[in-house]
4 protein chains.
Amino acid sequence: MNTPAGRRGTGGGVRVQRADARANRARILDVAEEVFGKGGESASTEEVARLAGVGIATVFRHFPTKTALLEAVLARRFDRQREQAEALLNAADPGQAFLGFFRYLVADAPAKIGIAEALLDAGGDGGGEAAQASTELRQAFGALLQRAQQAGVIRDDVELPEVYALLVGVSRAAAREHPGEQMRARLLTIVFDGLAPRL
Amino acid sequence: MNTPAGRRGTGGGVRVQRADARANRARILDVAEEVFGKGGESASTEEVARLAGVGIATVFRHFPTKTALLEAVLARRFDRQREQAEALLNAADPGQAFLGFFRYLVADAPAKIGIAEALLDAGGDGGGEAAQASTELRQAFGALLQRAQQAGVIRDDVELPEVYALLVGVSRAAAREHPGEQMRARLLTIVFDGLAPRL
Amino acid sequence: MNTPAGRRGTGGGVRVQRADARANRARILDVAEEVFGKGGESASTEEVARLAGVGIATVFRHFPTKTALLEAVLARRFDRQREQAEALLNAADPGQAFLGFFRYLVADAPAKIGIAEALLDAGGDGGGEAAQASTELRQAFGALLQRAQQAGVIRDDVELPEVYALLVGVSRAAAREHPGEQMRARLLTIVFDGLAPRL
Amino acid sequence: MNTPAGRRGTGGGVRVQRADARANRARILDVAEEVFGKGGESASTEEVARLAGVGIATVFRHFPTKTALLEAVLARRFDRQREQAEALLNAADPGQAFLGFFRYLVADAPAKIGIAEALLDAGGDGGGEAAQASTELRQAFGALLQRAQQAGVIRDDVELPEVYALLVGVSRAAAREHPGEQMRARLLTIVFDGLAPRL
DNA sequence: AATGAATGAGAATTCATTCAT
DNA sequence: AATGAATGAATTCTCATTCAT
């Protein structure tokens, strides 16, 4: 399981335990993402611990409150999405980049929304790291939008706030209904037509 | 606090008591609608009882579980909206009727969504009376949509499922963000443009 | 599960449940007084519930926090002692009255101190009803002191603060050591000699 | 339960390590004395470790239970005070020696009492090394008392048990109330007058 | 010998639901 | 039919103590 590493602190040895702890932390985050992502019910921290195969106290050692755990889960997810967005900033086709990312976010939404709601339930105020990460994602999304508008693929008279609200809304719709590929596509058709430049 | 009161059989009518009970039932529903509509947190049944001015047991006499109470609240709300829809079926301008109703539902959504989430939290499966009422509302909405399409105000290649999903999505967007009149209008502009017939 | 209790409430009787509840409340207070009075360990609310023969939630119905429970227990005890003091205010022999009351408080102290410490542990700030009751007891004690001084039984150059502190100290000494009648008497001999007028 | 550890005979001196360990042990004791002396709440062992700059396991290596740690802290304190007492046994003025030491113990009490209470909370029975050290302190105090009585400064009809109880009581009074120099002095005036020889 | 991660047994508090009147 | 007191099963979080390195 563990690396042998420098037995007696002879110098080279490092952080063996740390690796273990880090693995636990990651597993807890993964499990929490899944458990809370299921949404609906309000899952308990104990459930997370059980599925992660650790004691409840271990969860609380890594995340001092339930809110902190949810923040971390959500922030990680936002961060991943922002990275996606940033990777698309140099894409050859700005229109495709924007629309594809929009599609991707909607498809990815269900789990995220469950987590966000659990966070609200747990009393998360908008001041945590998740909010920060959310803002950054929104900015990256805004950059994609701007490029798409400059490329003439998205009408000029819309701005980030309403487009983002639309994204959130469609995501929420997709979250609870999980409409299947087909209907999600038809939904997006309408929305994208609404976003297309007026003739 | 309340005396049993009105115990004296009033002869012919036992309906007097019934009236009392019915009034209580209505008041409980009203209060529950408000309390749970506030959304966010999960309000307690006891809170509802207190604000309704009845004992907690009275709430449970009328609605055997919290889920049942939420179902009733939600069903009543769906019914009201369906009535609105049906009233618009004979409107002179089918386009106006559809779009106006769409707008109305979105504006009305925040409270409803709060209730629906509370219902999910309370373990409400989609099989109750609320689901039934929801289906009926959807049908009425579908009728309005069809008329608007026949009138050429809404594009022909969309169907109820995706339009309804879109409605739900925009409603959800409006729910948590309460964007204010302005942004809601801009949001609807995009959506309605997307729904307009292609040239 | 429920004791028959107060069954006889037929005649003029009302509030039968109320009577039950009141009995429960009293029993909880009694048990809590004993349990926390034992001092030392930090007794749990669950222990109180179990010994009182009620569910834990019942304790919390009557006293919304552990602190509130402890406040109530302590306040009740202070109130009883204050009543004793007030009853002695008209005693024929002011010296006997004061010294006797001093003796009584010391003998009564052990349990009280345990409770007070539990209250501190539970985060009781000095602002509750117990503090209020404590202040009133101190005032009554002060009145007895003043009378004893006027009667020439207690030296004139001492004032309430230090005498009360002395009372507290001796009480605390008696609390943990429970020295038995004998030694308590010898202790009080010293203190009372110290309080006697200088020649 | 214990690992064999340190199995490899290191031949000559193991004392180097021992010095390190001893330093750690002393630092832990110092920190614990301060932390628990603050009284009130119940401080955690982890807090002690953190402030001492060692890992939690190190604390438990030196003191196998929290109780053992508290015993050690308290015993050390008792020992120090006993040394003070023994140093005063040869003082020129036995009355001054006794009264001064009494005063000193009262002033020093607050921290000690906090520790003692933490010990009780942790389930310390009176059988540990602290009790032993306490007994020795009491004996030294008794010797001072006897000398003062022989010198005619303290009345003859009091004996160690009640005087010591009085000391404890006044100390306890001073502990929670921290009355300030002034009132402590007035308190001691009364007590010392009570201890003075009857005329 | 030292470290810090992991653990499980509580503890306070809440809430939907039932019972006795 | 109405009341409100009682209930016990959760849930979040803490802490002394042990384990693996």
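Each chain gets a letter, A, B and so on, in the order its sequence line appears, and its residues count up from 1. Atom set for the values below is all heavy atoms of this structure, side chains included, hydrogens, waters and symmetry mates excluded.
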Query raised in the report: To the nearest angstrom, how far is B/Arg22 atom CZ from F/dA2 atom C1'?
Result: 18 Å
Query raised in the report: Which heavy atom in A/Ala130 sits nearest to a heavy atom in A/Leu74, and how many Å separate them?
Result: CB-CB, 4.0 Å
**Report entry** Closest listed nucleotide, where the reference is the side chain of C/Ala21 and the choices are F/dA6, E/dA16, F/dA9
**Finding:** F/dA6
Report summary line: Between B/Phe63 and B/Ala72, the two heavy atoms sitting closest are CE2-CB, 3.6 Å
Requested in this report: List the atom of B/His62, the atom of B/Ile28, and the distance in Å for their closest heavy-atom pair.
Outcome: CD2-CD1, 3.9 Å
Report task. Would you confirm whether C/Thr67, through its side chain, and C/Ala122, through its main-chain N or O, come within 3.5 Å as a donor-acceptor pair? Result -> yes
Query raised in the report: Between B/Arg61 and C/His62, which is nearer to the 5' end of DNA chain F once each is assigned its nearest nucleotide?
Result: B/Arg61
Query raised in the report: When you measure from the side chain of C/Ser44, which nucleotide among E/dA11, E/dT17, F/dT7 comes out closest?
Result: E/dA11
Query raised in the report: Would A/Arg76 and A/Asp30 count as a side chain to side chain contact (heavy atoms under 4.5 Å, CB included) if you check the C-alpha gap in whole Å, the side-chain angles of each, and the deciding distance to 0.1 Å?
Result: CA-CA 10 Å; A/Arg76 200 176 58 153; A/Asp30 288 342; 2.9 Å; yes
Query - DNA chain E contacts made by residues 45-53 of chain D, counting heavy atoms under 4.0 Å - result: none
Report summary line: D/Phe63 atom CZ is separated from E/dA1 atom P, nearest whole Å, by 14 Å
Query raised in the report: Quick check: does any side chain N or O of C/Glu129 sit under 3.5 Å from a backbone N or O of C/Ala75, one acting as donor and the other as acceptor?
Result: no
Report summary line: C/Phe60 and C/Thr65 have their tightest heavy-atom pair at CE2-CA, 4.2 Å
Report task. Report the distance from atom CZ of A/Phe60 to atom P of E/dA11, rounded to the nearest whole Å. Result -> 17 Å
Query raised in the report: Within the side chain of C/Glu33, is there an N or O that forms a donor-acceptor pair under 3.5 Å with the backbone of C/Val73?
Result: no
Query raised in the report: To the nearest Å, how far apart are D/Lys66 NZ and F/dC15 C1'?
Result: 8 Å
Query - Contact summary for B/Val59 and B/Ala49, nearest pair of heavy atoms - result: CG2-CB, 3.7 Å
Query raised in the report: Is D/Thr58 near enough to E/dT3 that one of its side-chain N or O atoms lies under 4.0 angstrom from OP1 or OP2?
Result: yes
Report summary line: Closest to the 5' end of DNA chain E, once A/Ala57 and D/Val54 are matched to their nearest nucleotides, is D/Val54
Query - Nucleotide pairing, DNA chain E (Watson-Crick or G-U, distances under 3.5 Å), in dot-bracket with [ ] and | - result: .||||||||||||||||||||
Query raised in the report: Could you state the CG-P distance from A/Asp20 to E/dT7, rounded to the nearest angstrom?
Result: 10 Å
Query raised in the report: Whole-Å distance between E/dA12 P and C/Ile28 CD1?
Result: 14 Å
Query raised in the report: Quick one: which of E/dG8, F/dT7, E/dT7 gets closest to the side chain of A/Ile56?
Result: E/dG8
Query - Residue-phosphate contact under 4.0 Å: B/Asn24 side-chain N/O, F/dA2 OP1/OP2 - result: yes
